[in-house]
Amino acid sequence: MKYFILFGPPGAGKGTQAAAIAERFNLRHVSTGELLRNEIASGSELGVMAKKLIDAGSLVPDEVVEGMIEALFNAVTGIDGFLLDGFPRTTAQAEVLDDMLAKRGESVTSVISLMIPDELVRERIRHRATIEGRTDDASDETISNRIATYHKKTEPLVAYYKERDKYMVIDGVGTIEEVRERVLSALEPFSKDRPE
Ligand code: AP5
Ligand code: MG
């Protein structure tokens with residue numbers, strides 16, 4: 001099984017690029033943000049708790065998302081791997097993921113990191129706010145908090161995966177098609193079935 005991580009700041013294009021990657025490698029795309037938004041829409045207790053944190057631009061507790069990911073690893077079949085979008089997002093989550101995979105005799109295949117500058121994050125999210133109804137896109141304050149949370153809690157994962165030789169950075173600036181070309185060509189080495 002392949003376990004790709006789609007990494008990057010808010011609005012970098014993770015969700016936009018996910019379908020092409022998932023199709024190319026027969027992966028299940030898992031966005032923890034989407035899973036949490038589904039919880040909010042369903043009105044579950046978890047959703048009510050998550051909404052407050054998400055609307056403030058903070059992260060939900062590690063255990064919540066770790067549980068969601070583990071449940072999917074156990075339940076989903078008929079694919080060649082997973083494309084994790086928005087998980088892991090803290091060093092603790094990355095360590096838990098490594099443990100979960102080690103128990104299965106697996107490991108992270110590669111991290112695909114889409115990088116764009118903070119100003120473009122703001123521009124893209126402000127634009128998305130006019131199209132989609134995400135409450136965490138609605139105010140500049142929340143967007144700023146999401147950017148700050150990314151730098152403080154999530155960016156340390158760049159070093160974490162570089163140290164493990166799993167980190168691949170892709171320039172996320174350009175048209176959607178240009179970025180997709182870059183991502184798919186960077187992933188070309190993984191299309192051959194090579195022994196780990
Ligand atoms: P999540 O849903 O993961 O949000 P995010 O990381 O902030 O990322 P986005 O979904 O905003 O951006 P994206 O990179 O997918 O960009 P997109 O493709 O949409 O998480 C939401 C919240 O849930 C978190 O803040 C947190 O509270 C919680 N959460 C989630 N996971 C968690 C975890 N593991 N631990 C704890 N809490 C967690 O693109 C953005 C816009 O730009 C779109 O309009 C798109 O059309 C456009 N666009 C994309 N590419 C281009 C391009 N090349 N050119 C022009 N426009 C483009
Ligand atoms: Mg997304």
Side-chain angles (χ1 to χ4, degrees), residues 5-22 29-41 46-72 82-97 100 108 111-157 160 169-184:
I5 294 168
L6 197 43
F7 184 86
K14 302 182 293 293
T16 302
Q17 300 297 338
I21 305 169
H29 170 220
V30 180
S31 158
T32 41
E34 287 293 331
L35 294 175
L36 290 164
R37 283 188 285 280
N38 291 344
E39 289 291 334
I40 293 171
L46 170 59
V48 172
M49 180 272 284
K51 183 170 169 46
K52 286 195 194 114
L53 294 164
I54 291 174
D55 287 354
S58 307
L59 297 179
V60 306
D62 289 333
E63 308 75 55
V64 170
V65 281
E66 289 158 5
M68 289 175 155
I69 292 288
E70 185 149 45
L72 278 166
F82 288 86
L83 179 61
L84 304 177
D85 161 358
F87 178 89
R89 239 176 163 101
T90 62
T91 304
Q93 290 177 21
E95 288 167 353
V96 165
L97 175 63
M100 268 185 223
V108 169
V111 176
I112 308 152
S113 176
L114 294 177
M115 278 300 147
I116 64 169
D118 288 353
E119 265 325 294
L120 192 53
V121 170
R122 289 178 198 282
E123 201 180 295
R124 285 196 186 164
I125 292 182
R126 281 197 200 113
H127 173 71
R128 187 175 57 192
T130 65
I131 302 168
E132 293 178 26
R134 274 177 61 167
T135 50
D136 60 340
D137 286 352
S139 84
D140 281 345
E141 193 189 347
T142 301
I143 299 170
S144 292
N145 285 340
R146 287 164 66 191
I147 294 172
T149 302
Y150 166 77
H151 287 303
K152 186 161 174 237
K153 304 229 168 118
T154 306
E155 210 166 33
L157 292 180
Y160 183 94
V169 66
I170 312 278
D171 180 6
V173 182
T175 66
I176 290 174
E177 294 72 24
E178 282 165 351
V179 176
R180 184 168 58 229
E181 281 299 308
R182 282 177 210 146
V183 171
L184 291 178

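Whatever order the structure lists them in is the order used to number ligands and atoms, beginning at 1. Residue indices begin at 1 and follow the sequence shown.
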Note to self: Applying side chain to side chain contact (heavy atoms under 4.5 Å, CB included) to Thr90 and Leu59, what does each step give before you reach the verdict?
What the structure shows: CA-CA 9 Å; Thr90 62; Leu59 297 179; 3.6 Å; yes
Next item on the list: Please report which non-hydrogen protein atom sits nearest to atom 34 (N) of ligand 1, along with the residue it belongs to and the distance in Å to one decimal place.
Entry: Gly86 O, 2.8 Å
Next item on the list: Give the residue and atom name of whichever protein heavy atom lies nearest to atom 49 (C) of ligand 1, and the separation in Å to one decimal.
Entry: Thr16 OG1, 3.3 Å
Next item on the list: Just do the side chain to side chain contact (heavy atoms under 4.5 Å, CB included) check on Arg124 and Ile116 with the steps written out, would you?
Entry: CA-CA 10 Å; Arg124 285 196 186 164; Ile116 64 169; 3.9 Å; yes
Note to self: Under a 3.5 Å cutoff, is there a donor and acceptor pairing between the side chains of Arg122 and Ser144?
What the structure shows: yes
Item checked: Contact summary for Pro88 and Leu97, nearest pair of heavy atoms -> CD-CD2, 3.9 Å
Notebook entry, point to check: Counting heavy atoms not belonging to Glu155, are there more than 12 under 6.0 Å from its CD?
Noted result: yes
Next item on the list: May I ask you to identify the nearest protein heavy atom to atom 12 (O) of ligand 1, giving residue, atom name and distance to one decimal place in Å?
Entry: Gly11 N, 2.8 Å
Next item on the list: Verify salt bridge (Lys or Arg N to Asp or Glu O under 4.0 Å) between Glu34 and Arg37, making sure each step is shown before the conclusion.
Entry: CA-CA 5 Å; Glu34 287 293 331; Arg37 283 188 285 280; 3.2 Å; yes
Margin query: How about NE2 on His151, more than 12 heavy atoms from neighbouring residues, nucleotides or ligands closer than 6.0 Å, or not?
Written below: yes
Margin query: Give the atom numbers and elements of ligand 1 that come within less than 4.0 Å of a heavy atom of Arg37.
Written below: 2 (O), 21 (C)
Margin query: Counting non-hydrogen protein atoms only, what is the nearest one to atom 33 (C) of ligand 1? Give residue, atom name and distance.
Written below: Arg89 CD, 3.4 Å
Check: Side chain or backbone of Val65 under 4.0 Å from ligand 1, or both, or neither, by non-hydrogen atoms?
Finding: side chain
Note to self: Show the atoms of ligand 1 that are less than 4.0 angstrom away from any heavy atom in Gly174.
What the structure shows: 52 (C), 53 (N), 54 (N)
Margin query: Side chain, backbone, both or neither: which applies to Arg146 and ligand 1 if a contact is any heavy-atom pair less than 4.0 Å apart?
Written below: side chain
Check: Salt bridge or not for Arg146 and Asp137, using N-O below 4.0 Å?
Finding: yes
Checklist line | Nearest non-hydrogen protein atom, atom 43 (C) of ligand 1 | finding: Arg128 CD, 3.9 Å
Note to self: On a heavy-atom basis, I'd like to know which of Ile54, Leu36, Thr32, Val60 is closest to atom 29 (N) of ligand 1.
What the structure shows: Leu36
Notebook entry, point to check: Is it true that atom CD of Glu132 has more than 12 heavy atoms of other residues, nucleotides or ligands lying nearer than 6.0 Å?
Noted result: yes
Notebook entry, point to check: For Pro10 and Ile125, which heavy atoms make the closest approach, and how far apart are they?
Noted result: CB-CD1, 3.7 Å
Notebook entry, point to check: With respect to atom 10 (O) of ligand 1, which of Lys14, Arg134, Glu63 exhibits the smallest heavy-atom separation?
Noted result: Arg134
Check: With a 4.5 Å limit on heavy-atom distance, are the side chains of Val60 and Leu46 in contact?
Finding: no
Notebook entry, point to check: At a 4.0 Å threshold, what atoms of ligand 1 neighbour a non-hydrogen atom of Gly15?
Noted result: 13 (P), 15 (O), 18 (O)
Checklist line | Ala12 to ligand 1, any heavy atom closer than 4.0 Å | finding: yes
Check: Judged by non-hydrogen atoms, does Leu53 sit under 4.0 Å from ligand 1?
Finding: no
Notebook entry, point to check: Should the proximity of Ala50 to ligand 1, defined as any heavy atom under 4.0 Å, be assigned to the side chain, the backbone, both, or neither?
Noted result: neither
Check: If you look at every heavy atom in Leu157 and Ala94, which pair is closest and at what distance?
Finding: CD2-CB, 3.6 Å
Notebook entry, point to check: What protein heavy atom sits nearest atom 16 (O) of ligand 1, and how far away is it?
Noted result: Gly13 N, 3.2 Å
Note to self: If the cut-off is 4.0 Å to any non-hydrogen atom of Leu59, which atoms of ligand 1 fall inside it?
What the structure shows: 27 (O), 36 (C), 37 (N)
Check: Which atoms from ligand 1 have a heavy atom of Thr175 less than 4.0 Å away?
Finding: 53 (N)
Margin query: Can you name the atoms of ligand 1, numbered from 1 with element, that are less than 4.0 Å from a heavy atom of Pro10?
Written below: 5 (P), 7 (O), 8 (O), 12 (O)
Margin query: Show the atoms of ligand 1 that are less than 4.0 angstrom away from any heavy atom in Gln93.
Written below: 33 (C), 34 (N), 35 (N), 36 (C)
Next item on the list: Would you check, one step at a time, whether the test side chain to side chain contact (heavy atoms under 4.5 Å, CB included) holds for Leu35 with Leu72?
Entry: CA-CA 11 Å; Leu35 294 175; Leu72 278 166; 3.8 Å; yes
Next item on the list: Report the nearest protein non-hydrogen atom to atom 52 (C) of ligand 1: residue, atom name, distance rounded to 0.1 Å.
Entry: Arg124 NH2, 3.3 Å
Notebook entry, point to check: Near Ser58, which atoms of ligand 1 are under 4.0 Å from a heavy atom of that residue?
Noted result: 26 (C), 27 (O)
Next item on the list: For the pair Glu66 and Gln93, evaluate side chain to side chain contact (heavy atoms under 4.5 Å, CB included) and give the outcome as yes or no after the intermediate values.
Entry: CA-CA 7 Å; Glu66 289 158 5; Gln93 290 177 21; 3.7 Å; yes
Check: What do you reckon, does Gly172 have a nitrogen or oxygen under 3.5 Å from a nitrogen or oxygen of ligand 1?
Finding: no
